[in-house]
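Below is one structure, written out as structure tokens; comments come after it.
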Amino acid sequence: MNKSIFQVEQIIKNLSSFQDKIQTLLVLGSGWNKVIENMAIEKTFIFEKIFGAGAGVLGHRGELFLTKMGQKYFWIMAGRFHTYEGFSSEEVTRPIQAFAKLGVKNVILTSASGALNERYKVGDIVVLSDVLTLLCQSPLNGASFQDMSAPFDKDLRKIAVKICQSNQIEYQEGIYVYCKGPHFESFADKKALKILGADCVGMSTVPETIMANFLGLKVLGLSCVTNLAFVKHDHQEVLANAKKEGNDMKLLLTQILQNC
Ligand code: HPA
């Protein structure tokens, strides 16, 4: 497959007139798009033009927004790149690398995931406490011995949990495991992942989390449970179940952004 994403320098060049004062990047995964409804959008960019590739997955809009809330500006990527689309682990993190160079300090990564933990219900928002990286090729090269003892920022996690609690949003705190896909995991895979200690499984988030840690960014990971562990499911169902949680997702993210 010969798809590729622009080099970091090119992405920076495409966005260089917007580098001031934008502290936070929000990445919207499958089904999280509702958050941009009614937001004050200052500017919209098409992924192809900025990053060199479009979003190839149903449920990902493939647009980058510069938004404003109060006096603060935010970058919002509606969609992301995945290794299952043929990109390398490093390539899918190029937007993160570029935004870090443009001054971003906080990254909020959202996704859909399948439950492995039997206590989890469809619609729960998982505030990620850790990631299982064993199945993920590192986006880092060479002797980059990045510490991963606390991949998610303690304060951002606390803020997310507090907002869930005060708005009766059903949430969990748990461990996300990355599987490249694009096939969904077999029941045997899920059994094994559960034994390894994971609570939910998805096909994104981990390369970006590793890179963001390497770049010294604060990271928050949120994943919406769209299907249960040992139940047959498909991508349409994943999107439909994520859509049902749209109002909670919007409320949660809007309040988190106000605290960033
Ligand atoms: N597995 C992997 N990715 C997913 C799943 C799943 O069960 N649900 C939503 N994204």
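Order of appearance sets the numbers: ligands from 1, and atoms from 1 within every ligand. Excluded from the calculations below are hydrogen atoms, water molecules and symmetry mates; all remaining heavy atoms, backbone and side chain alike, are included. Because the structure is a prediction, the values reported are computed rather than measured.
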Exercise. How about N14 and K49: does a side-chain donor come under 3.5 Å of a side-chain acceptor?
Worked result: no
Exercise. Parallel under 30°, tilted from 30 to 60°, perpendicular over 60°: which one fits the rings of F81 and F87?
Worked result: perpendicular
Exercise. Angle class for the H82/Y84 ring planes (parallel below 30°, perpendicular above 60°, tilted otherwise)?
Worked result: parallel
Exercise. Do G114 and ligand 1 have an N or O pair less than 3.5 Å apart?
Worked result: yes
Atoms of ligand 1 close to [X] [distance to a heavy atom under 4.0 angstrom, numbered from 1]:
X: E185; answer: 1 (N), 2 (C), 6 (C), 7 (O)
X: T226; answer: 8 (N), 9 (C)
X: N227; answer: 5 (C), 6 (C), 7 (O), 8 (N), 9 (C)

For this session: Please report which non-hydrogen protein atom sits nearest to atom 10 (N) of ligand 1, along with the residue it belongs to and the distance in Å to one decimal place.
Result: A112 O, 3.4 Å
Problem set entry | Protein heavy-atom partner closest to atom 3 (N) of ligand 1 - residue, atom, separation in Å | G202 CA, 3.4 Å
Exercise. Quick one: does ligand 1 sit under 4.0 Å from the side chain of S113, the backbone, both or neither, non-hydrogen atoms only?
Worked result: backbone
Problem set entry | Any H235 heavy atom less than 4.0 Å to ligand 1 | no
Exercise. Could you give the distance from CD1 (I175) to CZ (F152), rounded to the nearest 0.5 Å?
Worked result: 10.5 Å
Exercise. In Å and rounded to the nearest 0.5 Å, what is the CG to OH distance from D199 to Y176?
Worked result: 13.0 Å
Problem set entry | Within the 6.0 Å centroid threshold, strictly below: F99 and W75 | yes
